[in-house]
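Bear in mind the structure is a predicted one, so any value in this text is a computation, not a measurement. Proteins come first, then strands; the chains are lettered A, B, ... in the order of their sequence lines, and each starts at number 1.
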Protein chains: 6
Amino acid sequence: MSRIDGRTPEQLRPVTIERGWSKHAEGSVLISFGDTKVFCTASVTEGVPRWRKGSGEGWVTAEYSMLPRSTNTRGDREAVRGKIGGRTHEISRLIGRSLRAVIDCKALGENTIVLDCDVLQADGGTRTAAITGAYVALADAVAWAQGKKIVKAGRKPLTDTVAAISVGIVDGTPLLDLCYEEDVRAETDMNVVCTGDGRFVEVQGTAEGAPFDRKELGALLDLATAGCVDLAALQRDALVRTQDA
Amino acid sequence: MSRIDGRTPEQLRPVTIERGWSKHAEGSVLISFGDTKVFCTASVTEGVPRWRKGSGEGWVTAEYSMLPRSTNTRGDREAVRGKIGGRTHEISRLIGRSLRAVIDCKALGENTIVLDCDVLQADGGTRTAAITGAYVALADAVAWAQGKKIVKAGRKPLTDTVAAISVGIVDGTPLLDLCYEEDVRAETDMNVVCTGDGRFVEVQGTAEGAPFDRKELGALLDLATAGCVDLAALQRDALVRTQDA
Amino acid sequence: MSRIDGRTPEQLRPVTIERGWSKHAEGSVLISFGDTKVFCTASVTEGVPRWRKGSGEGWVTAEYSMLPRSTNTRGDREAVRGKIGGRTHEISRLIGRSLRAVIDCKALGENTIVLDCDVLQADGGTRTAAITGAYVALADAVAWAQGKKIVKAGRKPLTDTVAAISVGIVDGTPLLDLCYEEDVRAETDMNVVCTGDGRFVEVQGTAEGAPFDRKELGALLDLATAGCVDLAALQRDALVRTQDA
Amino acid sequence: MSRIDGRTPEQLRPVTIERGWSKHAEGSVLISFGDTKVFCTASVTEGVPRWRKGSGEGWVTAEYSMLPRSTNTRGDREAVRGKIGGRTHEISRLIGRSLRAVIDCKALGENTIVLDCDVLQADGGTRTAAITGAYVALADAVAWAQGKKIVKAGRKPLTDTVAAISVGIVDGTPLLDLCYEEDVRAETDMNVVCTGDGRFVEVQGTAEGAPFDRKELGALLDLATAGCVDLAALQRDALVRTQDA
Amino acid sequence: MSRIDGRTPEQLRPVTIERGWSKHAEGSVLISFGDTKVFCTASVTEGVPRWRKGSGEGWVTAEYSMLPRSTNTRGDREAVRGKIGGRTHEISRLIGRSLRAVIDCKALGENTIVLDCDVLQADGGTRTAAITGAYVALADAVAWAQGKKIVKAGRKPLTDTVAAISVGIVDGTPLLDLCYEEDVRAETDMNVVCTGDGRFVEVQGTAEGAPFDRKELGALLDLATAGCVDLAALQRDALVRTQDA
Amino acid sequence: MSRIDGRTPEQLRPVTIERGWSKHAEGSVLISFGDTKVFCTASVTEGVPRWRKGSGEGWVTAEYSMLPRSTNTRGDREAVRGKIGGRTHEISRLIGRSLRAVIDCKALGENTIVLDCDVLQADGGTRTAAITGAYVALADAVAWAQGKKIVKAGRKPLTDTVAAISVGIVDGTPLLDLCYEEDVRAETDMNVVCTGDGRFVEVQGTAEGAPFDRKELGALLDLATAGCVDLAALQRDALVRTQDA
């Protein structure tokens with residue numbers, strides 16, 4: 001019994017990762033998970049926020065945002081409303097934590113990298129696409145900083161890769177990489193962030209309908225872990241491609 | 001090998017639940033998990049937000065806040081800064097989702113219940129104490145609404161109990177109900193929200209240091225599930241006590 | 001002819017002052033005037049705001065706030081609205097001025113004490129309870145700072161005690177310490193702040209209905225002065241009690 | 001022993017009240033107390049704020065503001081900072097309450113009058129000049145509304161006149177109508193709002209230095225009451241002058 | 001003597017207009033003027049803002065924004081700062097006015113079209129690219145609304161085409177379509193918005209260095225008018241291409 | 001065929017420029033163009049904004065605002081709404097740019113002059129009156145700074161005069177200096193800022209109805225250039241009058 005778009009339960013949507021999408025940013029990626037498209041840029045600045053000065057350690061942070069018409073119905077611009085909504089805050093924090101999990105702040109030195117993840121088109125899984133794409137932009141930015149000697153010679157700020165995927169239970173079946181239509185029907189929804197070695201950085205499961213039990217949780221983690229392995233391979237492929245900017 | 005405060009790894013801090021702490025609110029609780037104290041009130045109003053009007057369904061939402069000096073160092077008041085921080089937003093949303101998991105919105109009818117969870121003193125686990133206390137305030141508010149016939153006769157808006165606890169891995173050992181000092185040292189930190197029948201409403205695990213593997217995740221879920229069973233019993237005890245307001 | 005709650009016109013409500021209500025703050029008090037309960041904390045930090053640096057003088061300031069459901073009907077949270085209302089601003093400034101009236105800023109040295117006064121339950125007279133309680137928290141904080149040598153040896157930043165009470169004319173009769181029900185019916189409402197020696201720090205009288213004349217003003221000041229003498233005695237009693245935190 | 005500007009202790013500064021200073025507003029006044037100049041407009045609109053609809057009663061409110069360079073040193077514009085300061089809030093509320101003391105809201109009917117008091121030049125006593133000038137603008141606006149039959153025939157929304165003056169103790173001497181230089185040196189500072197019949201609408205006394213006693217309070221009230229009588233006469237004179245707009 | 005990028009003074013950069021860049025929006029375009037790339041979406045909603053209800057007329061408005069890293073140095077996100085800057089406001093208003101110049105609001109009926117113009121990469125001329133691209137998105141949205149009978153049969157809300165270009169004087173030479181590097185060196189900078197028939201909708205010239213005279217103004221208008229003719233042809237070409245979304 | 005107020009098409013309204021309208025500001029002017037009245041103050045402070053420190057150059061900036069009842073219908077106060085509107089932003093920026101066009105920032109040295117332009121009464125042309133008046137206040141402030149040796153001896157920060165006027169096409173006729181009633185009926189509206197030598201600093205033309213052609217643009221520029229010559233003469237006259245403050 002197949003899914004809306006004909007996929008099997010454990011199948012990712014087509015994923016594309018285009019590097020060098022910005023002539024200004026030190027790292028930039030346009031990532032798509034099916035119809036979900038997120039533009040990720042990594043900006044390097046020397047120096048760190050005030051509370052971190054003198055620590056010898058760097059900082060990596062992220063800001064997530066959806067363009068007003070990235071969704072089916074136009075949403076208000078947060079800049080116009082004058083405040084950032086709770087969901088935006090929550091996702092920005094999640095992306096930042098996920099990337100810091102693979103950063104050695106000491107090796108980075110007192111430099112800051114900001115990841116901007118702007119959703120151009122949304123069809124479910126925007127936060128996981130953002131993390132997966134931001135990692136690639138971050139890797140390019142770190143390489144740039146190493147090339148410019150902003151990161152000291154011999155230091156390796158990146159300790160692993162990191163990727164993320166959504167999973168959920170729809171009509172009793174655990175599914176990988178939900179599109180929007182599946183997402184709204186899911187009884188349970190989980191976002192999982194894994195490092196390249198298959199361990200967990202974040203596990204966020206939410207019962208949208210009935211609570212879920214330990215067995216269901218296990219099935220979802222199995223799917224997500226496998227999905228993240230596939231994404232890690234796609235990230236590696238993207239990073240070895242020669243880049244023509 | 002015992003913990004900072006002499007507890008065993010699987011032991012809760014002393015938990016107290018005092019109902020009727022406000023003469024105004026329809027439900028109110030002062031809950032403490034050790035030195036963490038959260039004041040929870042439930043406010044019932046007839047009617048629902050605009051986007052829900054005419055649906056025949058009610059709404060339950062929550063707002064979390066820390067008093068400026070609930071922590072060791074005074075924090076700025078969010079009202080003075082003029083914006084709510086990401087962490088506050090994130091926790092308010094978590095509390096709301098957790099409580100809605102045990103509410104039958106149809107049975108509630110077009111009524112709104114707002115849970116205010118104000119942290120008077122913080123020593124780790126404020127969000128889980130807030131959920132656990134807010135449930136009791138919610139139960140009192142629902143009973144009040146039933147008594148006033150605001151909820152129609154024979155309808156049962158509450159479908160189960162809900163409680164939450166934090167768990168984490170400190171120096172390689174999985175621990176239940178972290179106090180602040182343990183929390184800052186934890187490599188992995190997880191908040192788990194369970195219904196009274198032991199199923200999950202939310203599972204939020206975060207690697208603060210090294211990523212965690214499936215086995216560690218399992219050990220933490222075991223601890224949390226058992227902790228929530230104990231909290232559910234304490235909630236039931238509190239709710240059967242005669243209340244003198 | 002007695003009052004709603006059986007008091008005589010010149011009688012205070014039962015007043016309780018519990019010190020040491022926070023394990024974090026340098027001074028903390030839960031004060032109640034009948035059903036009005038205000039939680040006051042005093043936070044000491046070394047250093048002063050920028051505009052006062054290098055003056056050799058300290059600073060004392062206050063922030064007042066009502067929890068959303070401290071009143072009969074839930075009010076919006078000011079942090080959520082994104083701005084502080086006029087009444088909140090006005091009361092915060094009043095508390096700050098009242099406390100500075102008994103502080104020798106030179107003796108305090110370049111240290112700052114912030115008083116947070118959060119109303120947990122309101123039944124009239126929240127601002128006067130806040131001032132009266134905040135004084136006790138301030139006294140504890142000053143003593144703490146002297147003990148820690150943050151205030152130089154031999155210096156006495158506190159020059160007197162300070163307390164406050166509301167008075168008003170209800171149905172033609174001047175009354176001391178109005179509860180909410182009396183307050184809404186008062187033709188004239190006055191808040192009076194006195195030092196321990198019976199002199200005035202603030203006198204704020206407002207005609208809510210008809211204007212008031214000099215004789216009525218005199219009667220209200222008589223009541224308030226006597227009330228403040230009683231409060232000063234209660235403050236002294238509270239401060240000599242051994243504190244077990 | 002005379003004052004900075006040669007006045008006796010009980011003497012007002014030269015006061016001028018120019019009506020018809022705006023071609024748009026229903027009432028408008030440029031008032032000066034010496035070098036303090038406040039531009040007051042009264043705007044009439046039919047209808048009342050939502051919370052007052054259907055009551056049959058009108059509403060009068062006020063907004064006070066200082067132009068950035070009305071003072072010796074330029075202050076930030078509150079619109080640019082994005083929030084209104086506590087002092088501005090406090091004074092706006094004081095002006096509104098003072099004017100409502102002489103308004104019969106029933107007689108006004110469901111109409112709203114907003115008083116805007118913008119300080120063009122400040123030299124002490126801006127809030128009392130604002131109240132005194134706003135009353136005259138209000139009287140013109142009420143007359144306009146009566147002429148337009150917006151207020152029903154035979155109804156008299158204005159019940160009395162209202163004026164305000166500052167008093168203070170400088171070097172031990174009680175003085176009327178402090179200019180800025182006196183104000184900063186005052187030990188005690190009081191703003192008094194009186195109706196035309198000499199009764200009090202507001203009495204706000206603040207000890208800036210040492211607390212003040214009952215006798216000093218009495219001397220200040222004597223000065224202020226006499227000053228308000230003079231201001232009431234000036235208001236009446238201004239209102240009987242033919243106006244050429 | 002050629003320009004930085006080898007163009008002649010009266011030559012546009014390569015312009016591309018890709019329609020159908022969003023699966024959600026009723027009209028969408030990715031436009032580039034050389035390295036300047038702006039993503040424009042047009043969102044149709046039935047109904048109009050409150051102030052226009054019952055007029056029978058529609059409304060067209062625009063919001064412009066730059067992604068934080070669309071420029072060489074990362075800028076703060078306006079949503080994070082909590083306020084929209086003056087430049088953003090100014091450009092959003094310019095785009096809205098320009099498009100309304102070719103809209104017959106009566107023919108549109110009580111419908112609203114919002115144009116979102118988000119700059120993905122900036123290299124000078126972002127506002128003129130935004131107007132030029134937004135016109136194409138608007139045309140698609142109008143056609144969609146006609147197809148859906150949201151616009152009544154036989155009505156033609158679009159009265160003409162509209163395009164915009166920047167011109168400026170660099171080292172004494174008038175140039176068309178300045179890139180960023182030319183823009184910062186320009187003594188005079190002008191943005192010109194023309195309808196398809198070559199008339200002006202907006203002319204905004206600014207002396208960045210020395211003031212400019214009538215002859216220079218004339219030379220700039222000549223260049224701009226010709227440039228807009230070319231852009232109008234490109235818009236027409238884009239709109240006749242078959243679109244595969 | 002004459003205009004609403006009897007003027008010929010090329011005639012200015014009566015213009016008055018009163019200097020020394022503030023005892024505090026270093027330069028101050030009350031300017032009127034007919035019933036439009038704008039109060040302009042120039043405030044000098046030593047030092048420059050952070051981004052300009054160490055450059056040896058000064059800075060001139062402006063803030064424009066309308067009093068709430070400067071217009072026929074009372075507008076909300078921007079300080080109360082908590083944000084500055086697009087129109088206010090746009091005009092503030094225009095005034096700043098216009099004045100900087102006649103300032104030699106090097107000659108000014110590291111000093112800042114802020115022009116505040118507050119509209120007391122509006123009847124069309126407020127931005128052009130503001131620029132014209134602000135120039136005079138600026139000239140007084142520069143002279144003051146030269147007198148105080150804040151500007152070094154022999155340096156001349158002012159390089160020319162600057163004035164501004166509105167022009168527009170009403171019923172097919174180009175008119176100078178539109179009053180409000182003409183402004184709302186204008187098909188095309190243009191604001192022109194000229195230096196004393198008749199060259200352009202800003203030209204901002206907008207089609208309110210039908211687009212305008214090159215010939216109409218020429219006619220409007222002719223009118224505006226002549227108007228600015230008259231204004232420059234009035235500015236010179238005002239500046240040579242002896243000032244009694």
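Contact annotation for E:T41: only side-chain heavy atoms (C-beta onward) come within less than 4.5 Å of a heavy atom of chain A. Looking at A:V114, the atoms closer than 4.5 Å to chain E (heavy atoms on both sides) all sit in the side chain, from C-beta outward.
To the nearest 0.5 angstrom, A:E78 atom CD is 11.5 Å from E:S65 atom OG.
Using non-hydrogen atoms only and a strict 4.5 Å limit, the part of residues 66-77 of chain A facing chain E consists of A:L67, A:P68, A:R69, A:S70, A:T71, A:N72, A:R74, A:R77. At a heavy-atom separation below 4.5 angstrom, chain E is approached by A:D116, A:C117, A:D118, A:L120, A:Q121, A:A122, A:D123 within residues 115-134 of chain A.
Residues passing the side-chain contact (heavy atoms from CB on, under 4.5 Å) test with E:K156: none are found, sequence neighbours excluded.
Here ring-ring contact (aromatic ring centres under 6.0 Å, His included) pairs that include residues 41-61 of chain E, with residues two or more places apart or in two chains, are E:W51-E:W59.
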